[in-house]
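Owing to the predicted nature of the structure, the values given are computational and were not obtained by experimental measurement.
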Amino acid sequence: MSTNIQVPTSKTPGASTPTVERQPVWKHGVAAAGVAAVATTVLAAVASAAGVSFADSTGASIPLAGFAQLTLVFSLVGVGIAAVMARTARRPRRTFVCTAVALTALSFVPDLTFGFDAGSAVTLITLHIVAAAIVVPALTGRLAYTR
């Protein structure tokens, strides 16, 4: 059994080939950001209950609400980036995925340099990956694919 998905197209005046319309990303992005914030907070609570300390070398600890707040804020930054790329990038899907992967990798730097123990650093990096695994596909699926 196969399913055909039709993507709406439009033809710009004077163009010989139709172009794929870019789908809006912000609604799906905001929803995905909320899901990611809840998921990372729940996983951080589970990790904390299992004995993972989110304290850095100075003894300052990340509060549980901080996971939700930071995930939401940086996910919404990603939504903004995707929305801009949907309007301006020649290849919005590819450009966004490359940018998102680079920014996710960059987000590991504080986890590795702020003096967290190995278990905490691995848990924090895993939480970054979980958030990206929720938000990036939700946004990518709404961006136009062009060759």
Side-chain angles (χ1 to χ4, degrees), residues 1-49 52 54-56 60-116 118-147:
M1 180 175 172
S2 68
T3 305
N4 292 333
I5 300 173
Q6 294 183 346
V7 177
T9 59
S10 65
K11 195 168 185 179
T12 55
S16 60
T17 59
T19 58
V20 176
E21 286 184 17
R22 294 184 174 134
Q23 302 294 321
V25 297
W26 72 269
K27 286 182 182 179
H28 297 277
V30 169
V35 170
V38 169
T40 56
T41 304
V42 167
L43 292 173
V46 169
S48 183
V52 175
F54 294 112
D56 63 9
S61 185
I62 302 170
L64 202 53
F67 290 96
Q69 292 169 345
L70 290 175
T71 301
L72 192 59
V73 166
F74 285 106
S75 294
L76 292 176
V77 168
V79 172
I81 291 170
V84 168
M85 288 182 180
R87 296 180 186 273
T88 61
R90 182 170 165 228
R91 295 179 177 157
R93 184 178 290 186
R94 177 181 164 87
T95 305
F96 176 72
V97 169
C98 291
T99 302
V101 168
L103 291 175
T104 301
L106 189 61
S107 75
F108 302 161
V109 172
D111 303 335
L112 298 171
T113 60
F114 281 13
F116 293 106
S120 299
V122 167
T123 303
L124 290 168
I125 289 170
T126 302
L127 293 175
H128 290 232
I129 293 169
V130 166
I134 293 168
V135 176
V136 173
L139 294 171
T140 302
R142 306 307 285 174
L143 295 173
Y145 176 78
T146 56
R147 292 181 185 243

Shortest non-hydrogen separation from [X] to [Y] and the atoms involved:
X	Y	answer
V25	L139	O-CD2, 3.9 Å
V135	A36	CG2-CB, 3.7 Å
G34	L72	N-CD1, 4.1 Å
L143	A86	CD2-CB, 3.6 Å
A100	V136	CB-CG2, 3.7 Å
A32	A138	CB-CB, 3.6 Å

Check: S48 side chain, A44 main-chain N or O, donor-acceptor pair, under 3.5 Å: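 No; zero donor-acceptor contacts below 3.5 Å.
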Can you tell me which residue pairs pass the side chain to side chain donor-acceptor pair (under 3.5 Å) test with a partner in residues 95-110, sequence neighbours excluded?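 Qualifying pairs, neighbours excluded: S107-H128.
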Side chain to side chain donor-acceptor pair (under 3.5 Å) pairs, two or more places apart, involving residues 64-76: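 Found T40-T71.
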State, yes or no, whether a side-chain contact exists between [X] and [Y] at a heavy-atom distance under 4.5 Å.
X	Y	value
V77	L103	no
I62	L124	yes
F54	T123	yes
I129	F108	yes

Take a 6.0 Å sphere around CZ of F74 and say whether it holds more than 12 heavy atoms from other residues, nucleotides or ligands.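 Counting other residues, nucleotides and ligands, CZ of F74 stays at 12 neighbours or fewer.
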Once side chain to side chain donor-acceptor pair (under 3.5 Å) is applied, do any residues pair with T41, and if so which ones, sequence neighbours excluded?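 T41 satisfies side chain to side chain donor-acceptor pair (under 3.5 Å) with no other residue.
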Inter-residue atom distance R90.CZ - M85.CE, 0.5 Å rounding: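 Nearest 0.5 Å value for the CZ-CE distance: 15.0 Å.
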First locate atom CZ of F67, then atom CG of L127, and finally report the distance between them rounded to the nearest 0.5 Å.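 One gets 6.0 Å once the value is rounded to the nearest 0.5 Å.
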Apply side chain to side chain contact (heavy atoms under 4.5 Å, CB included) to V52 and V122, showing your working. CA-CA 10 Å; V52 175; V122 167; over 6 Å; no
